[in-house]
Amino acid sequence: MSIFFQPSIKYETKNSVFQFITIGRLHWKKGLEYTLEAFSILKKQNIPFHYTIIGEGIEREKLMFAVHQLNLHSNVTFVGKISHNDVKNILEKSDFYIQYSIQEGFCNAVLEAQAIGLLCIVSDADGLSENVLHEKTGWVVPKRNPPLLAERIVKTIALSEAEKIKIRENAMDRVKREFNLTKQMELFKAFYSF
């Protein structure tokens, strides 16, 4: 994992309005409609939150209409495609990372979020359960189930600061230990050695 994504010095929950973020192309595979439905449940429960979506794609108009239908205009921001430095700045101001995809390979954005100290909630799609170890480095929620995702978000918000710090530290340590360039090169060499 790049040294570009390092934990901020103070990585406890930073905001009175909980800051959530997702990075990825705006495509049906990313499950963003389900994520928005989960956030509409949180809004009905009067949980203060803001959700930032970084990325561009063919589903932008459809997702913006979903935001309108779910009355989430003041809670959701579409940022579009931005520089790596701007992504890092937004990550550093966030509390939670969500990747509730329907299909997903190995997701570098989740690793970067963990490396920077965000609490991560992901779906059980494909490679995401390799990125996050359930209840050790984050949480894995069955895909296509907005009420279950909303429930997991509420439970995560309600954790004590000590419990949140433990998950954050587990995640940061695992990313540093398991996903560094040296280890990846060793695995690559072993794979091609006969």
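All values derive from a computational prediction rather than experimental measurement. Atoms considered below: every heavy atom in the structure, side chains included; atoms not considered: hydrogens, waters and symmetry mates.
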Novice: Would you confirm whether Asp86, through its side chain, and Ile82, through its main-chain N or O, come within 3.5 Å as a donor-acceptor pair?
Specialist: no

Novice: Measure across Val140 and Ser123 and return the closest heavy-atom pair with its distance rounded to 0.1 Å.
Specialist: CG1-O, 3.6 Å

Novice: Suppose we screen for ring-ring contact (aromatic ring centres under 6.0 Å, His included). Which residues come up paired with Tyr34, at least two apart in sequence or across chains?
Specialist: none

Novice: Quick one: pull up CD1 in Ile53 and OG1 in Thr77 and give me the separation to the nearest 0.5 Å.
Specialist: 8.5 Å

Novice: What's the shortest heavy-atom distance between Thr137 and Ile167, and which atoms?
Specialist: C-CG2, 3.6 Å

Novice: Which heavy-atom pair separates Ile54 from Gly80 by the least distance, and what is that distance?
Specialist: CG2-O, 3.5 Å

Novice: Any sub-3.5 Å donor-acceptor pair from Asn75's side-chain atoms to Phe49's backbone N or O?
Specialist: yes

Novice: Looking at every heavy atom in both Lys143 and Ser101, which two are closest together, and how far apart are they?
Specialist: CB-O, 3.8 Å

Novice: If you measure from the Lys or Arg side-chain nitrogens to the Asp or Glu carboxylate oxygens, is any gap between Arg168 and Glu161 under 4.0 Å?
Specialist: yes

Novice: Can you establish whether the number of heavy atoms outside His68 located under 6.0 Å from its atom NE2 is more than 12?
Specialist: no

Novice: Going by atom types only, do Ser160 and Glu163 share a side-chain donor-acceptor pair under 3.5 Å?
Specialist: yes

Novice: Answer yes or no: is there a donor N or O on one side and an acceptor on the other, between the side chain of Asn170 and the main chain of Lys136, under 3.5 Å?
Specialist: yes

Novice: Quickly, which of Tyr51, Tyr97, Phe39 forms a ring pair (Phe, Tyr, Trp, His ring centres under 6.0 Å) with Phe20? Name it, please.
Specialist: Phe39

Novice: Measure the spacing between NZ of Lys166 and CD of Glu135 and express it to the nearest 0.5 Å.
Specialist: 11.0 Å

Novice: Going from CG on Asn145 to CG on Asp124, what distance comes out if it is rounded to the nearest 0.5 angstrom?
Specialist: 10.0 Å

Novice: Looking at NE2 of His27 and NZ of Lys62, how far apart are the two atoms once the value is rounded to the nearest 0.5 Å?
Specialist: 10.0 Å

Novice: If Ile, Leu, Val, Met, Phe, Trp and Tyr residues are connected whenever their side-chain heavy atoms lie under 4.5 Å apart, and connections chain through other members, are Ile41 and Leu63 in the same group?
Specialist: no

Novice: Would Ile90 and Val87 show up in the same hydrophobic cluster when neighbours are defined by side-chain heavy atoms closer than 4.5 Å?
Specialist: yes

Novice: Under 3.5 Å, side-chain donor or acceptor atoms of residues 125-133 against the rest of the protein: list the pairs with distances, not counting sequence neighbours.
Specialist:
from   : atom 1 : to     : atom 2 : distance (Å)
Asp126 : OD2    : Glu104 : N      : 3.0
Asn131 : OD1    : Cys107 : N      : 3.0
Asn131 : ND2    : Cys107 : O      : 3.4

Novice: Mind checking what makes side-chain hydrogen bond (donor to acceptor under 3.5 Å, both in side chains) contact with Ser74, not counting sequence neighbours?
Specialist: none

Novice: At their closest point, which heavy atom of Lys164 faces which heavy atom of Leu159, and how far apart are they?
Specialist: CE-O, 3.3 Å

Novice: State yes or no: do Phe78 and Leu70 share one hydrophobic cluster built from I, L, V, M, F, W and Y residues joined by side-chain heavy-atom distances below 4.5 Å, directly or via other members?
Specialist: yes

Novice: Using a strict threshold of under 4.0 Å (side-chain N to carboxylate O), is an ion pair present between Glu59 and Lys30?
Specialist: no

Novice: Does Gln45 CD have over 12 foreign heavy atoms under 6.0 Å away?
Specialist: yes

